[in-house]
Amino acid sequence: MAQIIDGKLIAQQTRAEIAEEVAQLKTQGITPGLAVVIVGENPASQVYVRNKHKACGEVGIYSEVIAMPEQTTEEELLAKIDELNGSTEIDGILVQLPLPTHINEEHVLNAIKPDKDVDAFHPINTGKIMIGNPDFLPCTPAGVMVMLQKSGIDVCGKNCVVVGRSNIVGKPMAMLLLAANGTVTVCHSRTKDLASVTREADILVVAIGRADFITGDMIKEGAVVIDVGMNRREDGKLTGDVDFASASERAGYITPVPGGVGPMTITMLLRNTLTASALHHKR
Ligand code: GUN
């Protein structure tokens with residue numbers, strides 16, 4: 001049976017470290033600040049935004065939620081971002097995705113000042129990740145790297161297989177594993193004979209958004225299996241992209257859903273807000 005990587009516990013420990021750093025900064029008169037912008041009323045986004053705001057409060061980071069109506073124009077949103085770019089209280093800006101379809105996501109993400117881009121979605125930041133000189137690490141892949149480190153799993157020289165090639169998870173995940181000296185393969189919906197590739201993985205990271213898609217027979221005995229998926233089953237239960245029951249029979253380490261990668265994502269957003277604050281106070 002696989003050893004469980006407890007994301008909730010690792011997130012708690014990391015948030016305690018962050019809270020201490022924030023307390024230290026406050027003795028110097030510095031309070032890191034995050035603005036979270038949400039446009040419209042997507043219920044899942046509302047939950048995520050509430051959780052981000054709450055997590056900031058718990059570690060002592062100042063946060064503002066800016067809720068704008070569904071019919072907000074791109075111009076109005078860009079004006080708000082411009083205002084936040086110039087604010088001295090705000091170190092980090094996050095625009096919750098997805099945006100309403102009449103707003104061009106790329107225009108909006110590109111408008112965030114790169115040194116306030118705590119999601120690391122701006123092309124300057126994705127480029128810096130690509131060349132191995134990042135200011136901010138994208139939250140979910142960075143959370144996965146912390147989970148590996150804190151579980152004593154060394155990436156160097158390992159066969160790492162990433163299933164999924166999104167800009168938010170798959171692509172930056174591959175870059176971080178590569179930076180840690182893994183041998184990295186990226187798979188996607190057009191990959192031929194996926195199981196023959198995943199079975200070679202010492203470290204398998206799955207982010208495809210298909211419930212219980214990776215089954216035990218696709219996993220090498222003793223592999224590390226990281227499940228980034230978050231899917232709602234018909235019975236209302238939350239499940240990942242990995243079939244936990246069969247996978248945990250084969251894997252050496254596995255992350256559960258819920259309680260795996262999820263809690264780490266917001267934790268890394270808090271970490272990035274501290275990084276942004278440090279960038280702004282260095283000047
Ligand atoms: N929507 C789903 N995941 C994310 C994320 O990591 N950042 C933002 N801004 N929106 C999201």
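First listed ligand is number 1; within each ligand, the first listed atom is number 1. Residues take their numbers from the sequence shown, with the count starting at 1.
Taking a 4.0 Å cut-off on heavy atoms, F121 registers as neighbouring ligand 1.
Between the side chain of D241 and the backbone N or O of R210, at least one donor-acceptor pair lies under 3.5 Å.
The contact set between ligand 1 and L94, taken as ligand atoms under 4.0 Å from a residue heavy atom, comprises 9 (N).
Protein heavy atom at the shortest distance from atom 8 (C) of ligand 1 is D119 OD2, 3.4 Å. What sits closest to atom 11 (C) of ligand 1 on the protein, heavy atoms only, is Q96 NE2, 3.5 Å. When hydrogens are left out, the protein atom nearest atom 3 (N) of ligand 1 is I168 CD1, 4.4 Å; that is the closest non-hydrogen contact.
Looking only at side-chain heavy atoms (C-beta outward), S63 and V36 stay at 4.5 Å or farther from each other. Contact of the V242 side chain with the V257 side chain is not registered, since no non-hydrogen atoms from C-beta on lie closer than 4.5 Å. Residues N110 and P123 are in side-chain contact: their nearest non-hydrogen atoms beyond the backbone lie under 4.5 Å apart.
Ion pairing of D6 with K8 is absent here, as no side-chain N (NZ or NE/NH1/NH2) approaches a carboxylate O to less than 4.0 Å.
Under the side-chain hydrogen bond (donor to acceptor under 3.5 Å, both in side chains) criterion, T14 pairs with no residue, sequence neighbours left out.
Heavy atoms of L97 found under 4.0 angstrom from ligand 1 belong to the backbone as well as the side chain. Of all the heavy atoms of V95, the ones lying under 4.0 Å from any atom of ligand 1 belong exclusively to the backbone.
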